[in-house]
Each structure stands twice: as C-alpha cells, then as structure tokens.
Amino acid sequence: MKIWASEHIFNHPWETVTNAAMQKYPNPMNPNVFGVDVLDRSVDTQGRLHSTRLLSAEWGLPAMAKSIIGVTRSCTYVQEHSVVDPKEKTFELKSTNISFTNLVSVDEKLTYKPHPQDPEKTVLTQEALISVKGISLSSYLESLMAKTISVNASKGREAMEWVIRRLNTEIEELAATARGSMRVPMAAAVADK
C-alpha cells in the first residue's frame with residue numbers, strides 16, 4: 001500500500017474554487033477524462049449538496065505496467081461522491097476506481113476549505129491510498145502510480161485555474177451584454193422625447 005498526499009492553495013475564494021471543481025471536466029489539461037455522468041444529485045435537510053458521478057478515463061498506464069498487470073486496455077471507471085456544505089464552506093470529494101479492482105484500488109479524497117487566514121484563498125488537501133494486489137513488483141507499481149497521481153494532481157490544479165478563467169470570462173461577457181441591453185432601451189427612450 002502506498003499513501004500519497006498534497007496540499008495546494010488557490011488564490012481564489014472558496015465559492016469560486018468549488019464552482020470550478022464541479023465543472024472541472026472536460027478540460028485540455030486532463031484529456032484522459034473523457035466522460036462524466038451524474039448518477040445522483042440531491043440536497044439534504046442541512047442544505048448540503050450530495051453528488052455521485054461516474055468518470056470515464058483512459059488510465060494512461062505505461063506499457064511496462066500494463067504488461068506486469070496483464071491488461072491491454074486501460075479505460076477505467078471511477079465513482080466519485082462529493083458533498084458541498086455551503087454553511088461550513090467545505091467541499092469534500094471521494095473517489096475510487098470501479099475497474100480493475102481485483103488488481104488495483106485507488107481511493108482518493110480531496111477537501112476544499114477557505115484558507116484560515118485569508119478568505120480570498122482556498123486550501124485543497126488531497127490524498128490517495130494506492131494498493132496493488134496479487135502481482136509481483138506491487139510496491140514498484142504503487143510507487144509508479146503515486147508518481148502518476150502527483151503529475152495528474154498538478155494538471156488538475158492547472159485545469160482548475162483554466163476553468164476559473166473560463167467562468168470569469170463568461171461572467172464578464174454576460175455583464176457586458178447586460179450593460180449593452182440596458183443602454184439600448186434608455187437610448188431609445190431619450191430619442192423618443
């Protein structure tokens with residue numbers, strides 16, 4: 001078993017980061033995730049949003065790892081459950097692979113919270129538990145997968161920034177459109193006098 005952990009600070013408020021995280025896929029930084037299906041979404045009596053999603057991904061295992069594990073395809077499915085608590089300002093996401101579970105399990109947990117000293121920033125705590133079963137060189141493969149998770153986490157943070165920029169651009173465009181449509185009736189009213 002291999003444990004991987006990371007912490008990152010986003011220079012954006014929790015609401016912005018949470019919104020981006022919910023819209024993270026698809027993105028150009030993580031093209032290996034090619035499908036996201038919402039299986040269930042509900043709000044509980046405490047106002048928390050619960051979501052269960054199925055992610056379809058190309059695992060991207062190196063050829064050597066594929067040959068050791070004995071697989072030719074590397075399309076995998078990941079079940080993701082998340083809880084957004086707007087009152088406590090926490091967003092917790094847990095995911096686990098549901099493909100190749102007889103060989104490999106990867107359980108990942110991400111937690112987004114406002115930075116304790118600066119509410120304009122968000123702290124992401126990320127951890128993964130990797131276990132390769134019944135295969136020689138399992139420790140080596142677990143280390144290899146931890147490195148892959150680390151690289152993908154970095155790409156994921158880049159993707160979050162990309163989504164945030166995209167959302168900000170959309171907001172600016174909507175605001176500009178709204179300002180433009182508000183001016184037209186006022187100009188017409190002035191012209192009618």
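Nearest heavy-atom pair, Ala57 versus Phe34, reported as atom, atom and distance to 0.1 Å: C-CE2, 3.6 Å. Of all heavy-atom pairs between Pro31 and Pro28, the closest is CD-O, 3.5 Å. Closest of all the heavy-atom pairs between Asn30 and Gly156 is OD1-CA, 3.8 Å. The nearest pair of heavy atoms linking Pro13 to Thr122 is C-OG1, 3.1 Å. Minimum interatomic distance between Ala128 and Ile149 (heavy atoms only, all atoms of both residues): CB-CD1, 4.1 Å. Scanning all heavy atoms of the two residues, the minimum distance from Ala146 to Trp4 falls at O-CD1, 3.9 Å.
His8 NE2 to Gln126 CD: the interatomic distance, rounded to the nearest 0.5 Å, is 10.0 Å. Of the inter-residue distances, the one linking Phe91 atom CZ with Leu49 atom CG reads 8.5 Å to the nearest 0.5 angstrom. Taking OG from Ser131 and CG from Leu103, the interatomic distance works out to 11.0 Å, rounded to the nearest 0.5 Å. Of the inter-residue distances, the one linking Glu172 atom CD with Leu167 atom CG reads 11.0 Å to the nearest 0.5 angstrom. The CD atom of Glu120 sits 10.0 Å away from atom CG of Asn11, with the distance rounded to the nearest 0.5 Å. To the nearest 0.5 angstrom, Met160 atom CE is 7.5 Å from Leu124 atom CG.
Environment of CD in Glu88: sparse, with no more than 12 heavy atoms of neighbouring residues, nucleotides or ligands closer than 6.0 Å. Within a 6.0 Å sphere centred on NZ of Lys94, other residues, nucleotides and ligands contribute 12 heavy atoms or fewer. Atom NZ of Lys121 has 12 or fewer neighbouring heavy atoms from other residues, nucleotides or ligands inside a 6.0 Å radius.
No donor-acceptor pair closer than 3.5 Å links the side chain of Ser138 to the backbone N or O of Gly134. Looking at Glu142, its side chain does come within 3.5 Å of a backbone N or O of Val132 through a donor-acceptor pair. Side-chain atoms of Ser143 come within 3.5 Å of backbone N or O of Ser139 as a donor-acceptor pair. Although no hydrogens or angles enter the test, the distance criterion places no donor-acceptor pair under 3.5 Å between the side chain of His81 and the main chain of Leu93. Panel note: side chain Lys87, backbone Gln46; a donor-acceptor pair is recorded below 3.5 Å.
Residues Pro119 and Pro114 fail the side-chain proximity criterion, which asks for heavy atoms closer than 4.5 Å. Side-chain contact between Ser105 and Asn97 is present, with at least one heavy-atom pair separated by less than 4.5 Å. Inter-residue side-chain proximity for Leu129 and Met1 is flagged as met; some heavy-atom pair is nearer than 4.5 Å. Under the 4.5 Å side-chain criterion, counting only non-hydrogen atoms from C-beta, Gln79 is in contact with Thr52. By the 4.5 Å heavy-atom criterion applied to side chains, Ile98 and Leu54 are counted as neighbours.
Both Val104 and Tyr140 are members of a single hydrophobic cluster when ILVMFWY side chains are connected at heavy-atom separations under 4.5 Å. Two different hydrophobic clusters hold Ile3 and Val151 under the rule that ILVMFWY side chains link at heavy-atom gaps under 4.5 Å. By the rule that hydrophobic residues join a cluster once side-chain heavy atoms approach within less than 4.5 Å of another member, Val36 and Met22 end up as members of separate clusters. Each of Val106 and Val78 belongs to its own hydrophobic cluster when Ile, Leu, Val, Met, Phe, Trp and Tyr are linked at side-chain heavy-atom distances under 4.5 angstrom. The same ILVMFWY cluster, assembled from side-chain heavy atoms under 4.5 Å apart, contains both Trp14 and Ile164.
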*Start with the C-alpha gap between Glu161 and Arg157, add the side-chain angles, then the distance that decides, and say whether salt bridge (charged side-chain N to carboxylate O under 4.0 Å, His left out) holds.*
CA-CA 6 Å; Glu161 295 291 347; Arg157 292 187 294 269; over 6 Å; no
Discussion item. Evaluate Asn19 against Glu15 for side chain to side chain contact (heavy atoms under 4.5 Å, CB included), listing each step before the verdict.
Written reply: CA-CA 6 Å; Asn19 191 6; Glu15 293 83 358; over 6 Å; no
Stepwise, does the side chain to side chain contact (heavy atoms under 4.5 Å, CB included) test hold for Asn27 with Arg166? CA-CA 11 Å; Asn27 69 69; Arg166 191 190 78 206; over 6 Å; no
**Message:** Let's go through Arg53 and Ser82 carefully: what are the C-alpha distance in whole Å and the side-chain angles of both, what is the deciding distance for side chain to side chain contact (heavy atoms under 4.5 Å, CB included) to 0.1 Å, and is it a yes or a no?
**Reply:** CA-CA 9 Å; Arg53 304 190 309 175; Ser82 63; 5.9 Å; no
Quiz prompt | Working for side chain to side chain contact (heavy atoms under 4.5 Å, CB included), residues Asp40 and His50 | solution = CA-CA 8 Å; Asp40 186 50; His50 294 259; 5.9 Å; no
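Note on ring orientation: taking the six-membered ring where Trp is involved, the planes of His12 and Phe10 are tilted (angle from 30° to 60°).
Through chains of ILVMFWY side-chain contacts below 4.5 Å, Val123 is grouped with Ile9.
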